[in-house]
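Whatever order the structure lists ligands and atoms in, that order sets their numbers, starting from 1. Residue numbers count from 1 along this sequence.
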Amino acid sequence: MALVNGNYANLKESYLFSDIAKRVAEFAAAHPDKKIIKMGIGDVTLPLAPTVIAAMQKAVEEMAHKETFRGYGPEQGYDFLHKAIQDYYARHGVQVDTKEIFISDGAKSDCGNMTDLFDDSNVILLPDPVYPVYVDTNIMRGRKILFMYGTPENHFLPMPDPSVKADIIYLCSPNNPTGAAYSLEQLTEWVKYAKANDAVILYDAAYEAFITDDSVPHSIFAVPGAKDCAIEMCSFSKTAGFTGTRCGYTVVPLGLTRRTPEGGELNLNKMWLRRQTTKFNGVPYIVQRGAEAAMLPQGEKECQEMLAYYRENARIMMRTFDKKGYTYYGGVYSPYVWLKCPNGMKSWEYFDYLLNKLAIVGTPGAGFGRMGEGYLRLTAFGSREGTQEAMERIEKDTL
Ligand code: MLT
């Protein structure tokens, strides 16, 4: 008799963004005349950078000739992309070995797949508000989850509590959904805590490219000693507009080891390599060439121009909220503005209000956890025209 994983019964019925997409599709079907402005899921709208496109076109051409055609590539990615990522890190003051870098089809996949490396007896510590993938992938394994709360008082940056014993800690900085970013001093505290508890930090740096302030670290590895206790996941989705192209990378330090329940010791870099070579066949050559171009200095410059456009969208949003007297957070180190729902409305109530009255889609903060109740997340990844029109609708509205 086949038995299924009963932990799935403990999940919410659907994934947050699928749930929202369904509601929006229903609204669109019922109101075909309404022009809906989507500021929900953090999906980019600008086309890929010119050097990225040129690199991918060249790669397509290579695939058209016997001499340059490529079949299976290395499961952990091509050396040319490892090198480009290593140089990108170095430009931001962090040294990584190319053997520490693993290419994948995105940070979301790595985030879920990473659960394979750890025993299910581990206690997981998650921030709240939180990117739902961290929660759901651990519920799927039946693991014990503890939450640490992000509030306006701690600037949505929960810090270690020595009385809490956790084995695996997820940190996301700049944070999805709040946009808050840890300082070097704060990350140093987290590294200290992880070392004291023999814990591992899973650090999600998907939004690092939004950081413009040199005092804010782009990587947990900016903290001395972090390679003894951290794994970093990153994505080309937000950095280079690859949400539909799919590419990400994870850095697993060469010297990172932890004990097995049987009392042995395993190296996590070797485990991840073993996992990926067994369960994954790599990212398409064409996509990796595009990703390489995005990491080279000219590509980085062009991608930063794209991010500047989104940052301006965020400023337009924040100006409107200032005029309205609304309270908000984020919008600086990330493409998200974390808005306190006006008039004390609850998250889904305000989501419904915006959708039904103004045809604007946001993401209800409650979808990111208990502490997200009473907030709504809006993305700056939309078009300039869409962002401006949405803000005009909000400005004119009486709420
Ligand atoms: C979001 O809107 O939170 C992100 O786009 C989701 C993701 O990156 O998977």
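- For N176, every heavy-atom contact with ligand 1 shorter than 4.0 Å involves the side chain, none the backbone.
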- [ ] Tell me, with the steps shown, if E300 and H92 meet side chain to side chain donor-acceptor pair (under 3.5 Å).
- [x] CA-CA 12 Å; E300 186 180 359; H92 295 285; 3.1 Å; yes

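- Judged by the 6.0 Å and 45° rule, R275 forms no cation-pi pair with F280.
- In this model, no donor atom of one side chain and acceptor atom of the other lie less than 3.5 Å apart for H82 and Q288.
- Under the 6.0 Å distance and 45° angle rule, R70 counts as a cation-pi partner of Y78.
- Between Y350 and Y353, the ring planes lie parallel to each other; the angle is under 30°, not in the 30° to 60° tilted range.
- Checked against a 3.5 angstrom limit, the closest N/O atoms of Y15 and ligand 1 fall outside it.
- When non-hydrogen atoms are compared, ligand 1 lies under 4.0 Å from the side chain of Y336 (C-beta onward) but not from its backbone.
- Among the atoms of K108, none of the N or O lies under 3.5 angstrom from an N or O of ligand 1.
- Near G42, meaning under 4.0 Å from one of its heavy atoms, ligand 1 places the atoms 1 (C), 2 (O), 5 (O).
- Of all atoms in ligand 1, listed by their number and element, those nearer than 4.0 Å to a heavy atom of F17 are 1 (C), 2 (O), 3 (O).
- No hydrogens or angles considered: a donor-acceptor pair under 3.5 Å links the side chains of T51 and E302.
- Numbered from 1 in the order shown, with element, the atoms of ligand 1 that lie under 4.0 Å from a heavy atom of R377 read 1 (C), 2 (O), 3 (O).
- For Y131, a nitrogen or oxygen atom sits less than 3.5 Å from a nitrogen or oxygen atom of ligand 1, counting backbone and side chain alike.
- Looking at I41 next to ligand 1, no N or O pair under 3.5 Å apart turns up.
- Summary of contacts: the protein heavy atom closest to atom 5 (O) of ligand 1 is K238 NZ, 2.7 Å.
- Within the 3.5 Å criterion, the main-chain N or O of N122 finds no donor-acceptor partner in the side chain of D119.
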